[in-house]
Amino acid sequence: MQDEYRTVAHAGVHETEVNRSRFLCALAPAATEQEAQEFIASVRKEHADATHNCWAYVVGADAGVQKASDDGEPGGTAGVPMLQMLLRRDMRYVVAVVTRYYGGVKLGAGGLIRAYGGAVGEALDAVGTRTRRRFRLGTVTVDHQRAGKVENDLRSTGRAVRDVRYGEQVTIEIGLPDSEVDAFCAWLADVTAGTARFEPGGEAYGDV
């Protein structure tokens, strides 16, 4: 698994103009290939009168799914440069649709490649991105007397506290980088005089 990846902060649209052609790049997060396809369909419907609606998406933290379409532009001049821009920026779980309204001036293959790739790059800058990092999930079990201090210390040091449950003892679910597990266990033993337990779990991605 990738240690971290970047994705778009939220859905958004950014417009650029090249030689009188309008290029509208719509970006959105896409957790699955189906979500990406649904977003493409919605943009195509919204801009049914456009000259082209070219698209590209990357799904999977390891970029396992990569697809692109030129939608009628000369082969390799639209979808591929869009996809390459997403990959160059380490973007994952993201879909981009560039809608072109032809302005009467032909751009040529090189011009199209620059226009479509550039539209995606500018849109990423305008909409904003966020980094998500792989975390080791784990459960801290501690007595009620020490739980408040442990939870406060976890939050004050920027630990990802995912859930807190109160029973006979207090269970705190956290996420932390794999490389910090040993140091965390030593810290936990120190602050709880060895009374707390830490059980490592699976893995997940969270915002940095």
Side-chain angles (χ1 to χ4, degrees), residues 1-12 14 26-39 56-67 83 85-96 120-121 123-208:
M1 291 175 72
Q2 291 277 109
D3 280 339
E4 65 180 44
Y5 65 86
R6 295 168 72 195
T7 192
V8 286
H10 52 79
H14 179 71
L27 294 170
T32 63
E33 193 168 0
Q34 182 179 344
E35 278 188 25
Q37 292 282 3
E38 288 172 354
F39 180 75
Y57 58 79
V58 181
V59 177
D62 58 353
V65 178
Q66 305 175 20
K67 292 191 178 173
L83 180 62
M85 180 60 72
L86 293 175
L87 294 172
R88 194 177 307 147
R89 296 286 193 94
D90 291 324
M91 300 299 295
R92 305 288 187 266
Y93 295 105
V94 63
V95 55
V120 173
L124 289 171
D125 292 337
V127 172
T129 62
R130 59 191 175 122
T131 301
R132 292 175 65 79
R133 184 171 294 159
R134 182 162 57 96
F135 288 99
R136 169 66 59 187
L137 302 178
T139 303
V140 174
T141 305
V142 63
D143 59 54
H144 285 264
Q145 182 181 347
R146 295 180 173 88
K149 177 175 176 9
V150 170
E151 184 182 348
N152 286 339
D153 286 352
L154 287 170
R155 293 186 188 279
S156 68
T157 55
R159 299 290 183 202
V161 177
R162 303 169 70 90
D163 190 26
V164 181
R165 295 191 300 275
Y166 296 89
E168 287 185 17
Q169 290 191 300
V170 180
T171 303
I172 305 171
E173 291 187 5
I174 65 166
L176 69 162
D178 265 340
S179 60
E180 296 179 18
V181 170
D182 289 344
F184 174 79
C185 289
W187 169 83
L188 185 65
D190 186 48
V191 297
T192 65
T195 60
R197 291 198 321 275
F198 175 72
E199 294 179 15
E203 294 178 328
Y205 284 92
D207 290 340
V208 174

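If you read the sequence from its start, that first residue is 1, and numbering goes on from there.
A donor-acceptor pair under 3.5 Å is absent between the side-chain atoms of Thr129 and the main chain of Val8, judged by distance alone. In this structure, Arg133 contributes its side chain and Pro177 its backbone to no donor-acceptor pair below 3.5 Å. Checking side-chain atoms of Arg132 against main-chain N and O of Thr7 turns up no donor-acceptor pair under 3.5 Å. Judged purely by atom type and a 3.5 angstrom limit, His14 has no side-chain atom pairing as donor or acceptor with the backbone of Asp125. Without hydrogens or angle criteria, Gln37 side chain to Glu33 main chain gives no donor-acceptor distance under 3.5 Å.
A salt bridge links Glu173 with Arg165: at least one charged nitrogen is closer than 4.0 Å to a carboxylate oxygen. Salt bridge annotation for Arg155-Asp153: absent, with no cationic side-chain nitrogen under 4.0 angstrom from a carboxylate oxygen.
Separating the CZ atom in Arg130 from the CZ atom in Arg6 is a distance of 12.5 Å, to the nearest 0.5 Å. With values rounded to the nearest 0.5 angstrom, Ile172 atom CD1 is found 5.5 Å from Leu154 atom CG. If you take CZ on Phe198 and CD1 on Ile174, they are separated by 5.0 Å, rounding to the nearest 0.5 Å. Between the CE atom in Met91 and the CG atom in Leu27 there is a gap of 7.5 Å [rounded to 0.5 Å]. In this structure, the separation between CD on Gln145 and OG1 on Thr195 is 8.5 Å, given to the nearest 0.5 Å. Distance CG/Leu124 to CZ/Arg88: 11.0 Å, rounded to 0.5 Å.
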Start with the C-alpha gap between Val94 and Leu86, add the side-chain angles, then the distance that decides, and say whether side-chain contact (heavy atoms from CB on, under 4.5 Å) holds. CA-CA 8 Å; Val94 63; Leu86 293 175; 4.0 Å; yes
Please report the C-alpha distance between Trp187 and Thr192 in whole Å, then the side-chain angles of each, then the deciding distance to 0.1 Å, and finally whether the side-chain contact (heavy atoms from CB on, under 4.5 Å) criterion is met. CA-CA 9 Å; Trp187 169 83; Thr192 65; over 6 Å; no
Hey, mind stepping through Leu87 and Val58 against side-chain contact (heavy atoms from CB on, under 4.5 Å) and telling me if it holds? CA-CA 8 Å; Leu87 294 172; Val58 181; 4.0 Å; yes
Stepwise, does the side-chain contact (heavy atoms from CB on, under 4.5 Å) test hold for Thr141 with Val170? CA-CA 6 Å; Thr141 305; Val170 180; over 6 Å; no
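The shortest heavy-atom contact between Val142 and Arg146 is CG2-CB, 3.8 Å. For the pair Val59 and Ala30, the tightest heavy-atom approach, listed with the atom from each and the gap, is CG2-O, 4.2 Å. Closest approach of Gln169 and Arg197 over heavy atoms only: OE1-NH1, 4.0 Å. When every heavy atom of Pro29 is checked against every heavy atom of Ala11, the shortest pair comes out as CD-N, 3.9 Å.
A heavy-atom distance below 4.5 Å is not found between the side chains of Asn152 and Lys149. Between Glu180 and Arg136 there is no side-chain heavy-atom pair separated by less than 4.5 Å. The shortest side-chain heavy-atom distance between Val127 and His10 falls under the 4.5 Å cut-off.
Annotation: Tyr5 is in aromatic contact with Tyr93 [ring centroid separation under 6.0 Å].
Other residues, nucleotides and ligands contribute over 12 non-hydrogen atoms within 6.0 Å of the CG atom of Asp163. The environment of CZ in Arg162 is sparse: at most 12 heavy-atom neighbours from other residues, nucleotides or ligands sit within 6.0 Å.
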